[in-house]
Peer 1: 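The structure follows.
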Amino acid sequence: MISLSKKYLTSIVDLDEKEIMNLISQAIDFKRNKDSSKYNESLTGKTLALMFEKPSTRTRLSFETAMFQLGGNTIYLNFNDLQLSRGESIQDTAKTISLYADCLVARVYSHNTIVELAQHCKIPVINGLSDLFHPCQILADLMTILEHKHRFKGLTLAWIGDGNNVCNDLLIGCAKMGLNVRAAIPQGYEPPIKILDLVTHESELKKSDFMIVREPIDAVKNADIVVTDTFVSIGKENEDNRRRSAFIPKYQVNSKLMNSTKDDAIFMHCLPAKRGEEVTSDVIDGKNSVVWDEAENRLHVQKSLLVSLLT
Ligand code: CP
Ligand code: NVA
């Protein structure tokens with residue numbers, strides 16, 4: 001099993017190019033062996049705690065399935081069922097979880113909660129989505145790109161829409177792997193400046209291009225990959241109306257926009273999607289969409305990550 005320099009994953013920032021490539025290669029092997037018994041006992045006796053403050057379909061299901069298929073066990077902890085919801089500190093909760101479990105996946109509102117958990121847990125902590133980052137999703141996205149395009153360097157990825165958690169880690173991940181990125185994001189919805197600076201720095205090191213533009217058409221021209229996400233992330237529901245008017249219809253990925261990409265461009269979305277908002281049904285259900293490979297790959301990259309952190 002490959003080893004990682006950090007025993008936690010709070011963001012793609014925590015991984016270097018080689019570690020990302022190794023995690024993906026190992027995930028491809030998990031995928032190839034999905035019907036064999038090769039890895040059935042990789043995590044026997046290990047317990048993964050899943051602490052969720054927000055809803056999830058793919059993240060919870062894929063981690064629970066991964067642990068089951070690797071011979072381990074999971075415990076799902078809804079925030080509201082924990083003493084944390086009655087005021088126990090994150091520090092004491094982290095210490096307690098570390099006494100029983102071997103690894104923790106946490107999905108939280110504030111990224112500070114992930115940082116605090118990682119500081120105080122004696123076991124590896126994996127970010128299962130915070131307001132700032134979604135590293136497990138980006139590992140699956142990069143794996144999906146490699147499966148369909150067979151390389152990273154020289155490709156151009158267009159991000160269309162909100163500069164949110166998925167966008168932040170995707171920009172960082174693409175910069176680390178040497179992809180060119182053009183992100184069409186309305187003014188006021190860009191990623192934090194610190195993240196943009198980091199992406200610019202990484203892109204310079206890898207001699208790739210990174211650009212924020214306002215017009216979606218400028219981002220997708222000759223792109224190999226088009227990616228979007230919801231305009232209203234979990235926790236942003238009170239901004240619903242303001243966001244809808246900032247994003248719709250200009251930032252919607254529809255067939256007209258996809259006509260400006262390369263002919264073999266792929267469409268990606270982390271899901272859940274709001275059809276008719278950030279993407280039209282003909283695009284997400286169309287021949288260039290790889291969203292279901294992307295969702296399946298969550299399982300394989302998470303297996304790869306779990307064995308790397310736990311063995
Ligand atoms: N893409 C993703 O993280 O999906 P869930 O919110 O369903 O876990
Ligand atoms: N940006 C979305 C991603 C969901 C997987 C959200 O935070 O709700």
Side-chain angles (χ1 to χ4, degrees), residues 9-12 27 48-67 74 76-79 104-114 126-145 159-173 183-186 188-192 195 226-240 242-244 246-248 251-253 267-275 277-279 284 289-303 305-306:
L9 181 63
T10 64
S11 157
I12 286 291
L48 173 70
L50 295 144
M51 184 169 151
F52 278 50
E53 204 176 8
K54 311 196 272 199
S56 166
T57 300
R58 281 143 288 265
T59 305
R60 178 181 176 183
L61 265 165
S62 52
F63 269 112
E64 293 215 23
T65 307
M67 281 304 281
T74 57
Y76 180 75
L77 305 163
N78 188 306
F79 257 51
L104 171 68
V105 173
R107 170 168 282 206
V108 300
Y109 282 100
S110 165
H111 189 67
N112 290 336
T113 309
I114 293 286
I126 299 172
N127 179 0
L129 181 79
S130 66
D131 59 345
L132 274 186
F133 298 116
H134 198 5
C136 300
Q137 181 65 52
I138 275 45
L139 287 174
D141 291 358
L142 290 170
M143 174 175 171
T144 308
I145 291 170
W159 172 271
I160 311 294
D162 191 16
N164 63 14
N165 41 15
V166 172
C167 175
N168 293 343
D169 255 344
L170 185 63
L171 299 189
I172 298 166
I185 301 173
Y189 294 93
E190 302 93 341
I195 292 174
V226 177
V227 193
T228 189
D229 184 15
T230 180
F231 297 143
V232 187
S233 285
I234 310 166
K236 302 278 184 200
E237 292 79 5
N238 59 342
E239 298 174 17
D240 200 276
R242 182 158 65 81
R243 285 177 164 272
R244 268 166 216 279
F247 289 100
I248 303 171
Y251 291 85
Q252 181 185 74
V253 179
F267 171 76
M268 298 177 65
H269 190 309
C270 64
L271 305 177
K274 280 255 171 100
R275 287 157 190 262
E277 293 196 4
E278 73 272 12
V279 61
I284 198 168
S289 171
V290 297
V291 299
W292 301 110
D293 292 337
E294 208 181 337
E296 181 187 334
N297 287 341
R298 294 291 305 275
L299 174 69
H300 308 300
V301 290
Q302 284 157 199
K303 282 182 177 174
L305 182 63
L306 288 166

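When a ligand or atom number is given, it counts from 1 through the structure's own listing order. Note: hydrogens, waters and symmetry copies are ignored here, and every other heavy atom, side chains too, is used.
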Peer 1: Looking only at protein heavy atoms, which one is nearest to atom 8 (O) of ligand 2, and how far off is it?
Peer 2: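 The answer is Ile234 N, 2.8 Å.
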Peer 1: So is Arg298 close enough to ligand 1, meaning a heavy atom under 4.0 angstrom away?
Peer 2: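 The answer is yes: ligand 1 sits under 4.0 Å from a heavy atom of Arg298.
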Peer 1: Keeping Glu277 on the side-chain end and Arg275 on the backbone end, is there a donor-acceptor pair under 3.5 Å?
Peer 2: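 Such a contact is absent between Glu277 side chain and Arg275 backbone.
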Peer 1: What protein heavy atom sits nearest atom 5 (C) of ligand 2, and how far off is it?
Peer 2: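 Here the nearest protein heavy atom works out to Leu271 O, 3.8 Å.
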Peer 1: Side chain, backbone, both or neither: which part of Asp131 comes within less than 4.0 Å of ligand 2 when only heavy atoms are counted?
Peer 2: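 Contact part for Asp131 vs ligand 2: neither.
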Peer 1: Sequence neighbours left out, what passes side-chain hydrogen bond (donor to acceptor under 3.5 Å, both in side chains) with Thr59? Give chain and number order.
Peer 2: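 Thr59 satisfies side-chain hydrogen bond (donor to acceptor under 3.5 Å, both in side chains) with Arg107, Arg298 only.
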Peer 1: If you compare all heavy atoms of Thr228 against all heavy atoms of Trp159, which two are closest, and at what distance to 0.1 Å?
Peer 2: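 Closest heavy-atom pair between Thr228 and Trp159: C-CH2, 4.1 Å.
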Peer 1: Does the residue Leu271 have a heavy-atom contact with ligand 1, meaning some pair of atoms that are separated by less than 4.0 Å?
Peer 2: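 Judged by the 4.0 Å heavy-atom criterion, Leu271 does count as contacting ligand 1.
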Peer 1: Is the shortest N/O to N/O distance between Arg60 and ligand 1 below 3.5 Å?
Peer 2: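 There is no such contact.
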Peer 1: Are Arg60 and Tyr76 in a cation-pi contact, defined as NZ or CZ under 6.0 Å from the six-membered ring centre and within 45° of the axis?
Peer 2: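 Judged by the rule, Arg60 and Tyr76 form a cation-pi pair.
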Peer 1: For the backbone of Leu9 and the side chain of Asn127, can you confirm whether one donor and one acceptor N or O come within less than 3.5 Å of each other?
Peer 2: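 No; zero donor-acceptor contacts below 3.5 Å.
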Peer 1: Ser233 to ligand 2: N or O pair under 3.5 Å?
Peer 2: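 There is such a contact, yes.
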Peer 1: Would you sort out whether Asp162 and Arg243 count as a salt bridge (Lys or Arg N to Asp or Glu O under 4.0 Å), showing the intermediate values?
Peer 2: CA-CA 9 Å; Asp162 191 16; Arg243 285 177 164 272; 2.9 Å; yes
Peer 1: Nearest non-hydrogen contact with atom 7 (O) of ligand 2 belongs to which option: Val232, Asn165, Leu132, Val166?
Peer 2: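 Among Val232, Asn165, Leu132, Val166, the closest heavy atom to atom 7 (O) of ligand 2 comes from Asn165.
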Peer 1: What protein heavy atom sits nearest atom 4 (O) of ligand 1, and how far away is it?
Peer 2: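 Protein heavy atom with the smallest distance to atom 4 (O) of ligand 1: Arg58 NE, 3.0 Å.
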Peer 1: For atom 6 (O) of ligand 1, what's the nearest protein heavy-atom neighbour? Residue, atom name and distance, please.
Peer 2: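 Here the nearest protein heavy atom works out to Arg107 NH1, 2.8 Å.
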Peer 1: For the side chain of Asp293 and the backbone of Thr144, is there at least one donor-acceptor N/O pair under 3.5 Å apart?
Peer 2: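 Checking the backbone N and O of Thr144 against the side chain of Asp293, no donor-acceptor pair under 3.5 Å is found.
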Peer 1: Counting only nitrogen or oxygen atoms and a 3.5 angstrom limit, does Asn164 reach ligand 2?
Peer 2: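 So ligand 2 has an N or O lying under 3.5 Å from an N or O of Asn164.
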Peer 1: Please list, in number order, the atoms of ligand 1 under 4.0 Å from a heavy atom of Cys270.
Peer 2: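 Near Cys270, the atoms of ligand 1 are 1 (N).
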Peer 1: Using modelled atom types and a 3.5 Å cut-off, is there a donor and acceptor pairing between side-chain atoms of Asn165 and backbone atoms of Ser130?
Peer 2: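 Flag set: sc Asn165 to bb Ser130 pair under 3.5 Å.
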Peer 1: Keeping Asp169 on the side-chain end and Ser11 on the backbone end, is there a donor-acceptor pair under 3.5 Å?
Peer 2: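 No: the side chain of Asp169 does not pair with the backbone of Ser11.
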Peer 1: Counting non-hydrogen protein atoms only, what is the nearest one to atom 3 (O) of ligand 1? Give residue, atom name and distance.
Peer 2: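 Its nearest protein heavy-atom neighbour is His134 NE2, 2.8 Å.
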Peer 1: Looking only at protein heavy atoms, which one is nearest to atom 3 (C) of ligand 2, and how far off is it?
Peer 2: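 Looking at atom 3 (C) of ligand 2, the protein heavy atom closest to it is Asp229 OD2, 3.6 Å.
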Peer 1: Which is it for Ile126 and Leu306 under the side-chain contact (heavy atoms from CB on, under 4.5 Å) test, yes or no, and what are the steps along the way?
Peer 2: CA-CA 9 Å; Ile126 299 172; Leu306 288 166; 4.1 Å; yes
Peer 1: Is Pro55 in polar range of ligand 1, meaning some N or O pair under 3.5 Å apart?
Peer 2: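 Checking ligand 1 against Pro55, no N or O pair falls under 3.5 Å apart.
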